Amino acid sequence: GQNIDQPTEMTATEGAIVQINCTYQTSGFNGLFWYQQHAGEAPTFLSYNVLDGLEEKGRFSSFLSRSKGYSYLLLKELQMKDSASYLCAVKSGGSYIPTFGRGTSLIVHP
Amino acid sequence: DAGVIQSPRHEVTEMGQEVTLRCKPISGHDYLFWYRQTMMRGLELLIYFNNNVPIDDSGMPEDRFSAKMPNASFSTLKIQPSEPRDSAVYFCASSDSLGARTDTQYFGPGTRLTVL
């Protein structure tokens with residue numbers, strides 16, 4: 001089985017930088033996704049990491065360390081519209097279907 | 001592209017009634033997934049299909065739940081009889097591949113089910 005841990009909730013200020021961590025315990029790691037989900041809406045794809053290192057995409061970056069079972073999502077120049085839940089999802093054990101964490105609710109305030 | 005389409009968007013029913021949720025995947029996508037999301041358990045995979053064939057239904061909670069995919073453009077998730085603990089948001093998602101580097105799943109808007 002898998003165990004995926006994320007903080008339940010985080011708050012940050014508009015214009016600041018926030019890092020959302022995700023740790024996982026699994027066998028046969030096969031890739032890690034980050035999804036964004038606004039309240040009452042569907043999850044939407046943000047990033048995918050399968051190799052160690054940092055993947056940058058505009059204001060969002062995602063980092064992976066396979067040896068540590070650790071990933072983070074970095075959001076820069078925070079905007080009010082970034083208030084959402086951020087889901088970490090891990091593929092492992094030969095399965096191509098990701099298992100989702102419970103998500104981190106990010107609240108951005110002025 | 002219209003994206004993944006789900007209906008209804010909201011469903012309120014009474015315990016014991018049959019509930020049918022519907023999904024139209026993105027055209028050309030070979031994989032279709034049904035998820036359930038609750039505050040307590042997060043996003044859970046119920047079942048997924050490949051080329052209309054159910055591949056893994058180990059996430060289906062019990063026999064009251066069933067899913068079908070009669071053709072490439074339509075799937076249903078049925079709960080009979082429904083119970084209050086089935087109240088959740090049910091998402092359908094589709095993907096055009098699995099195992100590729102970026103086998104992204106595209107989610108529909110979800111059906112918010114309330115069983116009284």
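To find a chain, count down the sequence lines: A is the first, B the second, and so on, and within it residues start at 1. All of these numbers come straight from a predicted model, not from anything done at the bench.
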Where on [X] is there a heavy atom nearer than 4.5 Å to chain A: the side chain, the backbone, both, or neither?
X	result
B/Leu43	both
B/Tyr106	neither
B/Gln37	side chain

| note | Ranking B/Glu44, B/Arg112, B/Met39, B/Met40 by heavy-atom pairs under 4.5 Å to chain A gives rank one to B/Met40
Looking only at side-chain N and O atoms, does [Y] offer a donor or acceptor that is under 3.5 Å from a partner on [X]?
X	Y	result
A/Gln36	A/Tyr86	yes
A/Asn49	A/Ser62	yes
A/Asn21	A/Tyr70	yes

| Contact winner vs chain B - A/Pro43, A/Gly40, A/Gly101, A/Gly31, heavy-atom pairs under 4.5 Å | A/Pro43
Listed pairs under 3.5 Å, donor-acceptor, residues 8-17 of chain A side chains, sequence neighbours left out:
none

| said: Looking at A/Glu56 and A/Lys76, is there a salt bridge between them, counting it only when a charged N and a carboxylate O are closer than 4.0 Å? | reply: yes
